[in-house]
Number of protein chains: 8
Amino acid sequence: GYATLDTHREKRTGFPEVIFGEGKTAEHLLGIFERLMHHHKKVLATRVDKQKAAYLLEHLETKYSDETFHYHKDARTFHWVTRDYKEEWKDGFIAVVCAGTSDFPVAEEAAITAEIMGNRVQKMYDIGVAGIHRLLDKVEQIEQANAIIVVAGMEGALASVMGGLVSKPVVAVPTSVGYGASMNGIAALLSMLSSCASGVSVVNIDNGFGAGYYAATLTHT
Amino acid sequence: GYATLDTHREKRTGFPEVIFGEGKTAEHLLGIFERLMHHHKKVLATRVDKQKAAYLLEHLETKYSDETFHYHKDARTFHWVTRDYKEEWKDGFIAVVCAGTSDFPVAEEAAITAEIMGNRVQKMYDIGVAGIHRLLDKVEQIEQANAIIVVAGMEGALASVMGGLVSKPVVAVPTSVGYGASMNGIAALLSMLSSCASGVSVVNIDNGFGAGYYAATLTHT
Amino acid sequence: GYATLDTHREKRTGFPEVIFGEGKTAEHLLGIFERLMHHHKKVLATRVDKQKAAYLLEHLETKYSDETFHYHKDARTFHWVTRDYKEEWKDGFIAVVCAGTSDFPVAEEAAITAEIMGNRVQKMYDIGVAGIHRLLDKVEQIEQANAIIVVAGMEGALASVMGGLVSKPVVAVPTSVGYGASMNGIAALLSMLSSCASGVSVVNIDNGFGAGYYAATLTHT
Amino acid sequence: GYATLDTHREKRTGFPEVIFGEGKTAEHLLGIFERLMHHHKKVLATRVDKQKAAYLLEHLETKYSDETFHYHKDARTFHWVTRDYKEEWKDGFIAVVCAGTSDFPVAEEAAITAEIMGNRVQKMYDIGVAGIHRLLDKVEQIEQANAIIVVAGMEGALASVMGGLVSKPVVAVPTSVGYGASMNGIAALLSMLSSCASGVSVVNIDNGFGAGYYAATLTHT
Amino acid sequence: GYATLDTHREKRTGFPEVIFGEGKTAEHLLGIFERLMHHHKKVLATRVDKQKAAYLLEHLETKYSDETFHYHKDARTFHWVTRDYKEEWKDGFIAVVCAGTSDFPVAEEAAITAEIMGNRVQKMYDIGVAGIHRLLDKVEQIEQANAIIVVAGMEGALASVMGGLVSKPVVAVPTSVGYGASMNGIAALLSMLSSCASGVSVVNIDNGFGAGYYAATLTHT
Amino acid sequence: GYATLDTHREKRTGFPEVIFGEGKTAEHLLGIFERLMHHHKKVLATRVDKQKAAYLLEHLETKYSDETFHYHKDARTFHWVTRDYKEEWKDGFIAVVCAGTSDFPVAEEAAITAEIMGNRVQKMYDIGVAGIHRLLDKVEQIEQANAIIVVAGMEGALASVMGGLVSKPVVAVPTSVGYGASMNGIAALLSMLSSCASGVSVVNIDNGFGAGYYAATLTHT
Amino acid sequence: GYATLDTHREKRTGFPEVIFGEGKTAEHLLGIFERLMHHHKKVLATRVDKQKAAYLLEHLETKYSDETFHYHKDARTFHWVTRDYKEEWKDGFIAVVCAGTSDFPVAEEAAITAEIMGNRVQKMYDIGVAGIHRLLDKVEQIEQANAIIVVAGMEGALASVMGGLVSKPVVAVPTSVGYGASMNGIAALLSMLSSCASGVSVVNIDNGFGAGYYAATLTHT
Amino acid sequence: GYATLDTHREKRTGFPEVIFGEGKTAEHLLGIFERLMHHHKKVLATRVDKQKAAYLLEHLETKYSDETFHYHKDARTFHWVTRDYKEEWKDGFIAVVCAGTSDFPVAEEAAITAEIMGNRVQKMYDIGVAGIHRLLDKVEQIEQANAIIVVAGMEGALASVMGGLVSKPVVAVPTSVGYGASMNGIAALLSMLSSCASGVSVVNIDNGFGAGYYAATLTHT
Ligand SMILES: Nc1ncnc2c1ncn2[C@@H]1O[C@H](COP(=O)(O)O)[C@@H](O)[C@H]1O
Ligand SMILES: Nc1ncnc2c1ncn2[C@@H]1O[C@H](COP(=O)(O)O)[C@@H](O)[C@H]1O
Ligand SMILES: Nc1ncnc2c1ncn2[C@@H]1O[C@H](COP(=O)(O)O)[C@@H](O)[C@H]1O
Ligand SMILES: Nc1ncnc2c1ncn2[C@@H]1O[C@H](COP(=O)(O)O)[C@@H](O)[C@H]1O
Ligand SMILES: [Mg+2]
Ligand SMILES: [Mg+2]
Ligand SMILES: [Mg+2]
Ligand SMILES: [Mg+2]
Ligand SMILES: [Mg+2]
Ligand SMILES: [Mg+2]
Ligand SMILES: [Mg+2]
Ligand SMILES: [Mg+2]
């Protein structure tokens, strides 16, 4: 078959396999989604575009009419949590910070992922370094978080500045926001990797999912 | 002057400023090292080559004859901990894993950094994916760690494989080990950022220091 | 004219010229396809999009109503085998392994190519390193193959891991599955080229055709 | 001959031709230097390494024993100002700011160039974003400058942060300080070009000379 | 909320926050535009495509029927200046020079930005180096400017040539005009950064806005 | 205005300004085309897409009903030669060789350009190195040419092989035909520049125009 | 310890672990070499520079005075085969072809590796495409090989040409021979990956070892 | 053996095989040089460093004491022309133009190559675009050449400017002169390939030899 599910992943890593929605046909996506529903209480698919989401909704809502399915069109996440599931929220919260309004979709993907993994989230959007007082005003609150996700495009300077201001681990997400020399996120990526501040680690460009997931593993410890 | 010390950094971020030894003259390095000694109980400098280390040792050991200074020639770290300092070791340990013996210097830099920040370290070296049973044999032990540092050059596949096997946060360090298409660590870097396994974040190429520091912030939470 | 057929290629290299469907007009594609039909018993065109396939089918099925033409919409291959052709299957089989369901089209292109060149194929799809036990479960079976095609995107780690587990030649195909730092397959490509395991050679990104063809030449020997 | 002097450059652009010392033989360098001395009151050569400087000094000091020649070994500048020259200092000053002590040589090259072109300079070194309060403490003073040169390596975030805090033109100089993903200054360069703050323009990596020169043209207007 | 306005930016940097129109939903763009209208007398948004412009016009013209909104479809700028605003034009002018007609949109973005910031502009378009006499004919006029914006794609040679001919600061804008080795503006960008003439600084590819803004800060001093 | 024609170019370089059709509005394109018609006997525009060609044809054929305008949809050239113009063909011919049928559009652009500049052309298409006998069969004929244009994508090996077989100047044109590691023509470009055979010079990727023009200047001498 | 030997590799993959000599200290290299000697009859280390080779020889020849150790200074291989070992040569031979004399060291590394793995080798050096008749003269002989290793730098065209002439699998090794646009082997690498001829797979730049090893696995089947 | 001479090259391409001196051992270089001496009247080796040149001179001058051997230490060419050879100079001349004194070695390599192939050369050095009047002063003379070699580093703008001023073919040679964004000649290379002027073709970075050779083939026609 086209798929070999990794149904033990939850046991090993603490969360079931998450479906990467890009590059799959709608039929394959649906098939995998359903099969994961039979093994788990939550299923998450990322990078699901509008057409595929519509296809999934149409088939899943018909077949599982008691269940609720969620599609976020900016974040492009599609997920299901079984009807009677009661989340056991972990203590504290994860801060999701972004530099500009254009980083919104990636920040939302991070926030949704962290929440679905049982974390409370506080969002602080559009506080990039072009107006650094917006950040300084919030540093105290941010320092209370268990982990800090910093989402930024263009030059991604927010990650370094944050790293220098807090003691909590910063998970930096470069975004493809920008043009020309920002090279679809490469500028921000290299920047964040070269951060002059310590305490910053980096995930892939536009990988809000990865950051949310990573921050959630930090709150395990 | 040539330097403006950031003496409040320990307050903000939990650890004093660490000196980046590359690109500084031996005189500047010595000057900064000494000034930091007056504000803190520990001082760490990284990327200190042999010539500079000899210069530092010569001047510091003469002037502070009661104190001990440590230079690791592979890891290129130079540090000092004040004589009467008693480390308060944090619970648990950080696993420092590397793929091949050529990754040794970077792995050591990570280990030394984590230790100087109060963490016990367990080292598992040379267990890369070309002989994956070496890794599988140690997975249970690794899963006990608070955080896992994975150091790998060439294609850096060890980070993804690890990410799929454990629930603890993986801090991946690509190294410049390899040649040709490994492009001084770029192959491993891109690989680790593109990991198909979740729960992996990445620091700069050969940045053992950054990984050790980051893992240490994780054990704060 | 726009084309100079290489009708001796089969003599020299063991298989007739394969048409590269990209960048050709539908008219040119049809013209070349027909001319090759007159010299050979099989004709294969790759990278044929839906519009061109429809155009080819329309014209060829009308004109050669006794013959069958095959279009695979995922693999984008279009081929014809003359009606009365009896394949002489080579001994053994080629394993076509892929890391994720998103690699499906490239894996299929490889499988179709290998088959059309007279090889039996065994497919093992979606057994990437994020859940490595899926691979370990199949190693014994894979080791039986004459050659192993490994198709993987993102970080392409599956190729190295496979190389370390088997004694048979691995033909690695990086795919453009992934985003950001995976750089349309460059991450997987560099990774596979930098493999810490030996016994791995690499073809172009998304070049399922090339891998299928190469594996077929291996079974010549 | 090997050189065609542009002796009208001072008329057109306000400052005589500056010699690029790299890639020239010591003999050529000396020849050009001397010929420029006959047309101008000041001659500047950049990127002059120690060997060439020694060669220049040896020949020039012998031949022009009344004149003084200046070599700065960090900045690698070599210059001469005719004995009886009285600088007419322009009003105000140029701020030369750098992120870390490792950026010292480039910052010095900028400062020396600006001074030789008749500008007073204020230096504020080692005030990078890892400890942003060092910068915030000096913003008021910096805002008094005619122009601000920001020299930074690694991720070069200081340029963006500065751009958001002041109304004066920022001339950003990325440096090759850093390693791995900082790619010899490419990370800082792309970063500065992608700055989310406006009012920032960029010169070549390590081009302290270019920045000093540019800032000097700004004070013309 | 999705936005944290930086309403003090005008105080700090002399001009209110400019909205980056790319990557924002039309709703977010409208929301931010309106909120800025309440704090300032002018609002500028850049990189606003036709759909978003229509959406903005529709809503803003209805709600603020006394006010005028301007959309330039080539430059993709959208701006508003309050009805009774009287511009205090600065002395002198900014020259906006471009190499070819294909650079028109970027040159216009620069000109509009400079004007909205209170500068008179003189445009000299399509005078690139393939016919250098077109430039030489205008050098005297260009030398009168306070600052010179040079917009050029392909190899971007116009910036260097200009830098060698004038004493005023040149702000170079590489454009993505060209193909193949011009690499969407990278060739022009690297060229301008490597200019053999001094007195040239560079902004991002296609960043007419940044150049206009920068030139405007130069006329502050 | 948006354009400054370089009407002396024909005097200086032997051929009137050629219009680069990309990135210009249809209105600008038309305006420039018409103005050049008043100064010259031939006008050529390149990279004119179908929409713009239709717009040009519609306006020009109406207004200049006695004149003929030519659009080649593959080569994307649009040109006009005044009605009563008699070409003075130069002696000999230019060989236009291409590697595969997918290189057809670029080869045609080269051929049309060379012809419009008064050169006879012989076309030898689809004789790439995968079937090298196709080339060897034609070497003698090719050696008769004044100059040889070699158009090739993928790895561009045809240029080197040709360079080793003939004594005439080879103008190599890399094309963007290929995928993955061919990187939109970069592989062929780097290949041709690194040719182990001498007597090969290179123009931009897909620059059939440039090659045709260059070959035409060679037949001047 | 610094090394975790993979002593089962011979069982799994048919040949013992090969030591990567680069980036290891001489002490580590010696330690690993000796330990492998105890488990196997042959030990191979690659990329061993002269200093390390001298160190190894000095220690090993003293300690194991009955044994012979081989260092090839061009190929930089260091190996040992136990005294009484009788090679069982496989049938047929592997052709090792290189384009120019500068590719000699890489070709030798391939040949030595193939031989140590039990294969007879025929060497055909310096027959690159600049003088293609050198290759055509040898095609018949090459076609007799089990597998063909093609080593080429600069543009690497030899791999494609070979691929089009033979039916046997071609293992292409790009070398770093060349300069400028050959980019340390990247041009040849991309070229070989983009080969218009099929039947070519590629290993890392300068990876003679990998090619020799791979060709040896082909003769297994 | 290590070399397969291509002794027919002179017949095919008009000039004997030229030895690429880089990456060859001194012994191999000497061996090839001597063997070519037996087949030809002239032998040229390029990229010969000082050590190898000394080795060649020592052996060749001893053995062939009647013959003269020439080494140019800047251009790094080593050549021999048989004692009684009388050059038949071609009509006209080749112009070798360079932008700055740092481009001297590459310009000299071009000049020597062109001369050894029977062309008179006129050198116009250091007339780059930073002082464009130096070029304009010489345009008339340059226009008299058969072909024009333009050697330039940094941004390489001289090639475009030249292309717009003359009717003769321009052979552009980017050099690695510059730093940072000039990326070892990549900026100049991309620039020259993207030239807005026509009539320019390009050879590899620092490839003075290739340009001299190419210009010589142009004077054949
Ligand atoms: N947005 C995402 N970015 C990166 N990795 C992802 C993303 N979504 C899912 N994944 C991972 O991608 C892997 C590839 O899986 P698949 O192709 O679905 O078999 C899964 O194991 C997930 O852990
Ligand atoms: N998908 C593919 N990828 C790479 N090469 C191909 C592919 N399909 C066909 N080819 C080769 O491309 C060459 C180019 O041929 P053409 O442009 O069709 O004359 C043929 O000789 C085939 O060997
Ligand atoms: N450090 C530098 N960086 C960039 N350009 C420079 C530097 N020093 C001098 N220049 C310029 O380099 C040009 C090249 O000159 P040259 O090679 O000396 O003929 C001169 O016109 C200077 O304007
Ligand atoms: N065309 C543009 N190019 C670069 N930066 C811009 C452009 N337009 C606006 N900006 C800046 O982009 C920043 C990011 O803003 P935002 O994403 O709108 O919060 C603003 O502070 C502006 O200074
Ligand atoms: Mg904002
Ligand atoms: Mg090992
Ligand atoms: Mg899967
Ligand atoms: Mg500091
Ligand atoms: Mg024009
Ligand atoms: Mg073909
Ligand atoms: Mg040779
Ligand atoms: Mg000069």
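The sequence lines fix the lettering, A, B, ..., with proteins before strands; numbering per chain opens at 1. These numbers were taken from a predicted model, which means no experiment stands behind them.
- Taking CG from H:Leu218 and NZ from F:Lys168, the interatomic distance works out to 12.0 Å, rounded to the nearest 0.5 Å.
- Shown here is H:His70, whose NE2 atom has more than 12 heavy atoms of other residues, nucleotides or ligands within 6.0 Å.
- Interface remark: H:Glu17 contributes no atoms to any contact with chain F (heavy atom separation under 4.5 Å).
- No more than 12 heavy atoms of other residues, nucleotides or ligands sit less than 6.0 Å from atom NE2 of F:His39.
- Other residues, nucleotides and ligands place no more than 12 heavy atoms under 6.0 Å from the CG atom of F:Asn184.
- Proximity of a side-chain donor or acceptor of F:Arg12 to a complementary backbone N or O of H:Gly164 within less than 3.5 Å is detected.
- The most heavy-atom pairs under 4.5 Å with chain H, out of F:Asn204, F:Asn207, F:Val18, come from F:Asn204.
- A distance of 9.0 Å separates OG1 of H:Thr13 from CD of F:Glu143, quoted to the nearest 0.5 Å.
- When all heavy atoms of H:Tyr214 and F:Val170 are compared, the closest pair comes out as OH-O, 3.0 Å.
- Using a 4.5 Å heavy-atom threshold, the side chains of H:Leu189 and F:Leu193 count as touching.
- In this structure, chain H has a heavy atom under 4.5 Å from the backbone of F:Val166, while its side chain stays farther away.
- Nearest heavy atom pair, residue H:Ser167 against residue F:Thr217, reads O-CB, 4.1 Å.
- The minimum heavy-atom distance linking H:Val203 with F:Val200 is given by the pair CG1-O, 4.0 Å.
- At a 4.5 Å heavy-atom cutoff, the contact between H:Phe209 and chain F is made by side-chain atoms alone.
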